[in-house]
Amino acid sequence: MPTKLETVEEHRSHGGVQGVYAHTSSSTGTRMTFSAFVPPHEEGARLPVLWFLSGLTCTHANVTEKGEYRAVCAEHGVILVAPDTSPRGEDVPDDEAYDFGKGAGFYVDATEAPWAANFRMRTYIEHELPALLGEHFPADMDRQGITGHSMGGHGALTIGLRNSTRFRSVSAFSPIVSPISCPWGEKALGGYLGEDRGAWRQYDACALIEDGVRLDDLLVDQGTADDFLEGQLKTHLLAEACSKAGIPADIRMQPGYDHSYYFISSFMADHVAWHAERLKR
């Protein structure tokens with residue numbers, strides 16, 4: 001049966017349509033919301049897709065309202081899709097801290113109670129939402145790229161690595177490159193997956209690379225004035241892993257930039273164009 005899609009809102013922008021949509025998710029057992037910008041295109045055309053995964057405390061709205069991507073997506077003919085960061089709802093378990101529970105799904109499939117019933121963001125992003133997109137939008141699902149910010153950068157890197165034949169391009173803004181090696185990640189992976197650190201490796205970009213997974217190339221932007229750089233993000237670990245594995249990685253340390261959307265919006269056009277080049281090959 002076709003999946004029912006609810007249009008929450010739509011707006012004309014840069015010749016295309018910026019929309020927000022909702023549906024009942026079989027993965028999370030909740031109502032999920034996402035945004036999608038569809039650029040102007042000829043009737044019948046199928047367009048490449050760029051996924052943007054957001055960070056801690058965010059929803060689809062953060063990049064939709066602050067990302068400044070629509071003009072460049074319209075220029076290059078790329079659909080941009082921004083999912084939520086976790087399941088939502090009164091019956092969904094939560095934590096008082098900002099870095100765990102709602103808004104902090106870490107793009108994993110949880111195995112520990114009480115999180116396992118709803119926190120299945122890996123399945124949602126890797127399987128359910130792409131199928132929905134192909135069903136309802138003019139999307140060419142053979143041409144997909146993925147990017148994200150912070151926790152979403154971690155999601156983009158790990159999903160891109162685990163599905164390297166599906167995603168033609170992978171990039172990230174200030175990603176958590178090794179959740180195994182930072183407080184945010186240790187708390188999230190331990191809470192969602194349990195104490196077996198071996199099970200965490202499939203959700204750690206550096207560990208996946210160490211375990212033999214490869215990408216054709218990679219683009220990462222990281223601000224040098226980011227308050228989370230040393231304690232949580234640890235960009236140098238990704239640079240070292242890529243260098244050792246022979247992965248061509250353009251890891252750009254941007255002087256004076258912080259962790260905010262002022263930073264993301266400054267380099268969004270670079271990332272969209274970089275993805276578009278690879279998605280049009």
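Just so you know, these numbers come straight off a predicted model, no measurement behind them. Below, each value reflects all heavy atoms present in this structure, side chains not excepted, and no hydrogens, waters or symmetry copies.
- Closest of all the heavy-atom pairs between Asp95 and Trp115 is N-CH2, 4.2 Å.
- Phe119 and Ser86 make their closest contact through CE2-CB, 4.1 Å (heavy atoms, listed as atom of the first residue, atom of the second, distance).
- A salt bridge does not link Glu240 with Lys234: none of the charged nitrogens is closer than 4.0 Å to a carboxylate oxygen.
- Salt bridge annotation for Glu210-Arg201: present, with a cationic side-chain nitrogen under 4.0 angstrom from a carboxylate oxygen.
- In this structure, Phe228 has its ring center under 6.0 Å from that of His259.
- In the model, Ser171 has a side-chain atom that pairs as donor or acceptor with a side-chain atom of His271 under 3.5 Å.
- Interatomic distance, NE2 of His275 versus SG of Cys73, reported as 10.0 Å (0.5 Å rounding).
- Judged by distance alone, with hydrogens and angles left aside, the side-chain atoms of Arg120 form no donor-acceptor pair with the main-chain N or O of Ala116 at under 3.5 Å.
- Minimum heavy-atom separation, Ala104 to Leu56: CB-CD2, 3.4 Å.
- With 3.5 Å as the limit, one finds no donor-acceptor pair spanning the side chains of Tyr21 and Glu9.
- Under a cut-off of 6.0 angstrom, the local environment of CG in Asp217 is crowded, with over 12 non-hydrogen atoms contributed by other residues, nucleotides or ligands.
- For Glu6, the CD atom sits in a packed shell: over 12 heavy atoms of surrounding residues, nucleotides or ligands are nearer than 6.0 Å.
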Exercise. Check the pair Arg197 / Glu186 against salt bridge (Lys or Arg N to Asp or Glu O under 4.0 Å), numbers first and verdict last.
Key: CA-CA 9 Å; Arg197 295 177 72 94; Glu186 290 182 338; 3.7 Å; yes
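- Between the side chains of Thr33 and Asp84, no donor-acceptor pair is found at a separation under 3.5 Å.
- Within the 6.0 Å centre-distance limit, the rings of Tyr124 and His23 are counted as a close aromatic pair.
- In Asp216, the CG atom is not crowded: 12 or fewer heavy atoms of neighbouring residues, nucleotides or ligands sit closer than 6.0 Å.
- In this structure, CD1 in Ile146 is found 7.5 Å from CD1 in Ile125, a value given to the nearest 0.5 Å.
- Here the straight-line distance linking atom CG of Asp99 with atom OG1 of Thr57 works out to 10.5 Å at 0.5 Å rounding.
- Across all non-hydrogen atoms, the minimal contact from Met268 to Tyr69 is CG-CB, 3.7 Å.
- Atom OH of Tyr262 has 12 or fewer neighbouring heavy atoms from other residues, nucleotides or ligands inside a 6.0 Å radius.
- The heavy-atom pair separating Lys187 from Ala97 by the smallest distance is NZ-CB, 3.2 Å.
- For the residue pair Asn118 and Thr28, no side-chain donor N or O sits within less than 3.5 Å of a side-chain acceptor on the partner.
- A donor-acceptor contact shorter than 3.5 Å is absent between the side chain of Glu277 and the backbone of Trp274.
- The two atoms that bring Val38 and Pro138 nearest to each other are CG1-CG, 3.9 Å, heavy atoms only.
- For Tyr203 and Tyr192, the gap between ring centers reaches or exceeds 6.0 Å.
- Of the possible donor and acceptor atoms, one in the side chain of Arg46 sits under 3.5 Å from a partner among the backbone N and O of Ala139.
- In this structure, Asn163 contributes its side chain and Ile159 its backbone to a donor-acceptor pair below 3.5 Å.
- In this structure, the separation between CZ on Arg168 and CZ on Arg143 is 6.5 Å, given to the nearest 0.5 Å.
- Between the side chains of Arg12 and Gln18, no donor-acceptor pair is found at a separation under 3.5 Å.
- The environment of Phe263 atom CZ is dense: over 12 non-hydrogen atoms of other residues, nucleotides or ligands sit within 6.0 angstrom.
- A donor atom on one side chain and an acceptor atom on the other are found under 3.5 Å apart for Ser174 and His149.
- Rounded to the nearest 0.5 angstrom, Ile209 CD1 and Ser243 OG are separated by 11.0 Å.
- Looking only at atom types and distance, the side chain of Ser25 has a donor-acceptor partner in the side chain of Glu128 under 3.5 Å away.
- The number of heavy-atom neighbours closer than 6.0 Å to NZ of Lys244, taken from other residues, nucleotides and ligands shown, is 12 or below.
- Rounding to the nearest 0.5 Å places CG of Leu233 at 14.0 Å from CZ of Phe173.
- Put simply, the side chain of Asp94 never gets that close to the backbone of Gly101: no donor and acceptor are under 3.5 Å apart.
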